[in-house]
Student: 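Sharing a structure with you now.
All chains are named by letter (A, B, ...) in the order of the sequence lines, taking the proteins before the strands, and each is independently numbered beginning at 1.
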Amino acid sequence: MSKKTPVVRGLRDIYPGESERFDMVERSMIETIRKYGYQEIRLPILEAIDLFSRGLGEATDAVEKEMYTLEDRDHDILALRPEGTASCVRAVIDRNMTREGKPRLWYAGPMFRYERPQKGRYRQFYQIGAEAFGLAGPDVDAELIFMGHDMWKLLGLESAVELEMNTIGSGDSRRAYSEALVKYLNPRKKELDADSERRLTTNPMRILDSKNSSTQKLLESAPDPHDFIDSASRAHFEGVCEYLDHEGINFRVNPRLVRGLDYYTDTVFEWVTDELGSQGTICAGGRYNGLVERLGGPSVPAAGFAAGLDRVVLLHETLGMNADESAADVYVIVMESQHEAYARRLAQFMRRETSLRIRQHLGGGKVGVQMRQADRSGARWAVIVGDEEVAENRVALKWLREETEQESLDFEQLATCLNRAVESH
RNA sequence: GUGGAUGUAGCUCAGCUGGUAGAGCUCCGGAUUGUGGUUCCGGCGGUCGUGGGUUCAAGCCCCAUCAUCCACCCCA
């Protein structure tokens with residue numbers, strides 16, 4: 001045997017047994033977004049690197065130290081996307097989509113960040129995002145949150161998830177606050193932890209959610225970010241909160257909530273859980289009114305969110321929610337190998353006449369072996385073909401999960417029976 | 001990038017002060033000649049993460065390295 005090649009660090013295979021849950025959760029989330037009339041946009045995984053350095057902010061961790069970059073043969077520097085919003089905005093600008101409408105879009109796919117792997121944190125991870133362009137009102141922010149709420153409800157996660165909200169104000173007020181914060185902290189630099197001291201020059205706002213207790217103590221008498229938020233932003237945030245209250249969505253205002261990417265303005269929110277250890281954010285988003293312009297487009301408002309599929313799946317599993325892991329609904333068995341052609345015709349008939357997944361046994365073997373594989377496939381029915389059945393142009397239908405007598409049916413009766421069972425399921 | 005824990009069969013794990021590698025589950029076969037899931041019996045399966053060192057002898061001790069997990073950092 002030659003040497004094995006291990007999977008790349010931080011990357012993983014999602015095998016049968018887990019892929020079904022992954023798929024089911026992903027579909028549920030996408031279906032929820034589609035129900036709000038958002039349209040899919042398929043985006044490339046590679047982008048020019050400056051899209052991210054300009055879009056997310058030069059000093060963010062995602063850009064500073066977590067990007068996978070490569071040089072292609074034309075010597076262009078490309079990056080594997082660390083998130084989806086920047087690409088989505090670029091695509092919207094490329095087609096000038098906001099000139100003729102107010103697109104509401106969704107995307108799904110893998111993202112890449114070179115971070116230390118941990119539970120719920122992978123170097124290739126999957127996000128599902130929704131973005132709304134050209135709409136400035138608080139009803140948009142609220143709609144994005146309603147979607148999240150619907151998703152958790154649909155998946156049975158709502159009791160384990162909490163919503164945190166904050167407003168960080170307009171770009172101008174952020175700049176003003178940032179300056180005031182630096183002015184306050186600079187003389188007290190020595191009392192800050194090392195990370196916070198570094199951020200003082202790179203990204204001062206992020207000092208606010210430092211977990212260092214002495215830093216937090218220092219922040220108690222620091223300028224209050226809310227004093228810097230202008231009345232328009234304040235009104236906007238109150239508007240969002242009212243929509244949520246009206247729909248009965250619980251949330252907690254967390255003044256310390258600051259997002260890691262520079263493009264956010266006004267509303268920011270996070271859906272968090274304490275079931276997953278320290279990687280508790282399963283979905284996050286907010287408003288980014290300046291980003292389209294920053295990336296070379298017109299000055300249009302926008303808002304969106306991205307959910308971490310890996311983490312949502314993990315939570316779904318941690319809470320013990322069921323996921324169907326069956327490979328097929330019907331498993332086709334032959335008593336004697338000369339009936340295989342008949343069985344194949346039968347399988348095709350069922351694929352055509354029903355919506356079920358039909359797995360035909362391959363590889364021969366005794367009936368007992370075939371039955372065991374039928375059971376293991378998770379199928380609800382075994383359809384069995386032997387001399388008697390072929391002679392009469394019938395099949396034997398055996399229910400594998402219910403105490404129902406095995407029946408002998410012709411093809412039409414079989415289709416009727418299966419379809420009826422699907423409808424009432 | 002920092003700190004800590006852990007790597008033994010496909011999976012979950014045991015393995016004493018160093019003495020020729022074990023269990024449960026899974027898988028395969030049989031008991032069961034037209035029928036799975038329960039039970040019983042048998043069997044397959046391991047370069048002990050990798051590389052080096054100490055020793056008569058290393059799964060166990062030492063060093064390095066890789067990976068996973070946890071926390072920090074950061075984020076979905």
Student: Looking at B:A76, I'd like to know if its phosphate oxygens (OP1 or OP2) sit under 4.0 Å from a side-chain N or O belonging to A:R113.
Tutor: yes
Student: For A:Y114, does the OH atom have more than 12 heavy-atom neighbours from other residues, nucleotides or ligands under 6.0 Å away?
Tutor: no
Student: What do the steps show when you test A:L295 against A:I93 for side-chain contact (heavy atoms from CB on, under 4.5 Å), and what is the final call?
Tutor: CA-CA 8 Å; A:L295 291 176; A:I93 294 169; 3.8 Å; yes
Student: A:Q406 side chain: which of B:C72, B:U35, B:G29 is closest?
Tutor: B:U35
Student: Nearest whole angstrom, please: distance from the C1' of B:A76 to the CZ of A:F269.
Tutor: 12 Å
Student: Can you tell me the base-pairing partner of B:C48? Count Watson-Crick or G-U wobble geometry only, both distances below 3.5 Å, and say none if there is no partner.
Tutor: none
Student: From the set B:G36, B:C69, B:U35, return the single nucleotide nearest to any side-chain atom of A:L400.
Tutor: B:G36
Student: Give a yes or no on whether a donor-acceptor pair under 3.5 Å exists between the nucleobase atoms of B:G34, that is its base, and the side chain of A:E389.
Tutor: yes
Student: Which base, if any, makes a Watson-Crick or G-U wobble pair with B:G3, both distances under 3.5 Å?
Tutor: B:C70
Student: Where the side chain of A:R116 is defined as all heavy atoms beyond and including C-beta, which of B:A76, B:G3, B:C73 is the nearest nucleotide?
Tutor: B:G3
Student: Just N and O in the side chain of A:R123: are any of them under 4.0 Å from OP1 or OP2 of B:C75?
Tutor: no
Student: NE2 of A:H316 versus C1' of B:A76: gap in Å, rounded?
Tutor: 18 Å
Student: Rounding to the closest angstrom, what is the interatomic distance between B:C75 and B:C13 at atom C1'?
Tutor: 34 Å
Student: Thinking salt bridges, do A:R42 and A:E40 make one under a 4.0 Å N-O criterion?
Tutor: yes
Student: Could you tell me the separation between the CD atom of A:E403 and the P atom of B:G36, rounded to a whole number of Å?
Tutor: 14 Å
Student: Using a heavy-atom cut-off of under 4.0 Å over every strand shown, decide if A:G277 touches base, sugar-phosphate, or nothing.
Tutor: sugar-phosphate
Student: Return yes if the base of B:G37 and the side-chain atoms of A:D375 contain a donor-acceptor N/O pair under 3.5 Å, otherwise no.
Tutor: no
Student: So what's B:U39 paired with, Watson-Crick or G-U wobble, going by both distances under 3.5 Å?
Tutor: B:A31
Student: Rounding to an integer number of angstrom, what distance separates B:G19 and B:A31 when you compare their P atoms?
Tutor: 43 Å
Student: Does a side-chain N-to-carboxylate-O contact under 4.0 Å join A:E47 and A:R81?
Tutor: no
Student: Mind checking if A:A374 touches a base, just sugar-phosphate, or nothing, with heavy atoms under 4.0 Å?
Tutor: nothing
Student: When the P atoms of B:C62 and B:A23 are compared, how many Å lie between them, rounded to an integer?
Tutor: 29 Å
Student: Base, sugar-phosphate alone, or nothing: which one does A:K398 contact when heavy atoms must sit under 4.0 Å apart?
Tutor: base
Student: Using the P atom as the point on both nucleotides, what is the distance between B:U50 and B:C11, in whole Å?
Tutor: 14 Å
Student: If you draw a 6.0 Å radius around CD in A:Q338, do more than 12 non-hydrogen atoms from other residues or ligands fall strictly inside?
Tutor: yes
Student: When you check the phosphate oxygens OP1 and OP2 of B:C28, does a side-chain N or O of A:R372 lie under 4.0 Å from one of them?
Tutor: yes
Student: Can you see if the side chain of A:S278 gets near the phosphate of B:C72 - specifically, an N or O under 4.0 Å from OP1 or OP2?
Tutor: yes
Student: I need the NZ-C1' distance between A:K65 and B:C75, as an integer number of Å.
Tutor: 12 Å
Student: Pick the closest RNA chain B nucleotide for A:A379 and for A:D310 by heavy atoms, then say which residue is nearer the 5' end.
Tutor: A:A379
Student: Before accepting this row, confirm whether a basic side-chain N of the pair A:E402/A:R380 lies closer than 4.0 Å to the acidic partner's carboxylate O.
Tutor: yes
Student: Provide, to the nearest angstrom, the distance between the CD atom belonging to A:Q118 and the P atom belonging to B:A5.
Tutor: 17 Å
Student: Quick one: A:E115 CD to B:A71 P, roughly how many Å, whole number?
Tutor: 14 Å
Student: Is any side-chain N of the basic residue among A:K119 and A:D310 closer than 4.0 Å to the acidic one's carboxylate O?
Tutor: no
Student: Given A:S377, which of A:R359, A:R372, A:R357 fulfils the side chain to side chain contact (heavy atoms under 4.5 Å, CB included) condition?
Tutor: A:R359
Student: Need the pair for B:C61. Rule: Watson-Crick or G-U wobble, both distances under 3.5 Å, any strand; none if unpaired.
Tutor: B:G53
Student: Expressed as a whole number of angstroms, how long is the span from A:R121:CZ to B:C72:P?
Tutor: 10 Å
Student: In whole angstrom, give me the gap between the C1' atoms of B:A21 and B:G46.
Tutor: 8 Å
Student: Which whole number of Å gives the distance between the C1' atom of B:A58 and that of B:G52?
Tutor: 13 Å
Student: When the C1' atoms of B:U20 and B:G15 are considered, how many whole Å apart are they?
Tutor: 14 Å
Student: Relative to the 5' end of RNA chain B, which residue comes earlier, A:L11 or A:G120, by the nucleotide with the nearest heavy atom?
Tutor: A:L11
Student: Does B:G29 have OP1 or OP2 sitting under 4.0 Å from an N or O in the side chain of A:K366?
Tutor: no
Student: What's A:G17 touching, base or sugar-phosphate or nothing? Going by heavy atoms closer than 4.0 Å.
Tutor: nothing
Student: Are A:R9 and B:U68 close enough that a side-chain N or O sits under 4.0 Å from OP1 or OP2?
Tutor: yes
Student: Touch check for A:Y122, heavy atoms < 4.0 angstrom, all strands: base, sugar-phosphate only, or nothing?
Tutor: base
Student: Does A:R376 make a side-chain N or O approach to OP1 or OP2 of B:U26 shorter than 4.0 Å?
Tutor: no
Student: Could you tell me the Watson-Crick or G-U partner of B:A21, where both distances fall under 3.5 Å? Say none if there is no partner.
Tutor: none
Student: Can you check whether A:A415's main-chain N or O pairs, donor with acceptor, with A:N419's side chain at less than 3.5 Å?
Tutor: yes
Student: Among the candidates B:G34, B:G1, B:C69, find the nucleotide nearest to the side-chain atoms of A:I384.
Tutor: B:G34
Student: Check whether any side-chain N or O of A:Q279 sits under 4.0 Å from OP1 or OP2 of B:A76, and answer yes or no.
Tutor: no
Student: Rounded to whole Å, how long is the line connecting atom CD of A:Q373 with atom C1' of B:G29?
Tutor: 14 Å
Student: Rounding to the closest angstrom, what is the interatomic distance between B:U38 and B:G34 at atom P?
Tutor: 23 Å
Student: Just checking A:E66: base, sugar-phosphate only, or nothing, at a heavy-atom cut-off of under 4.0 Å?
Tutor: sugar-phosphate
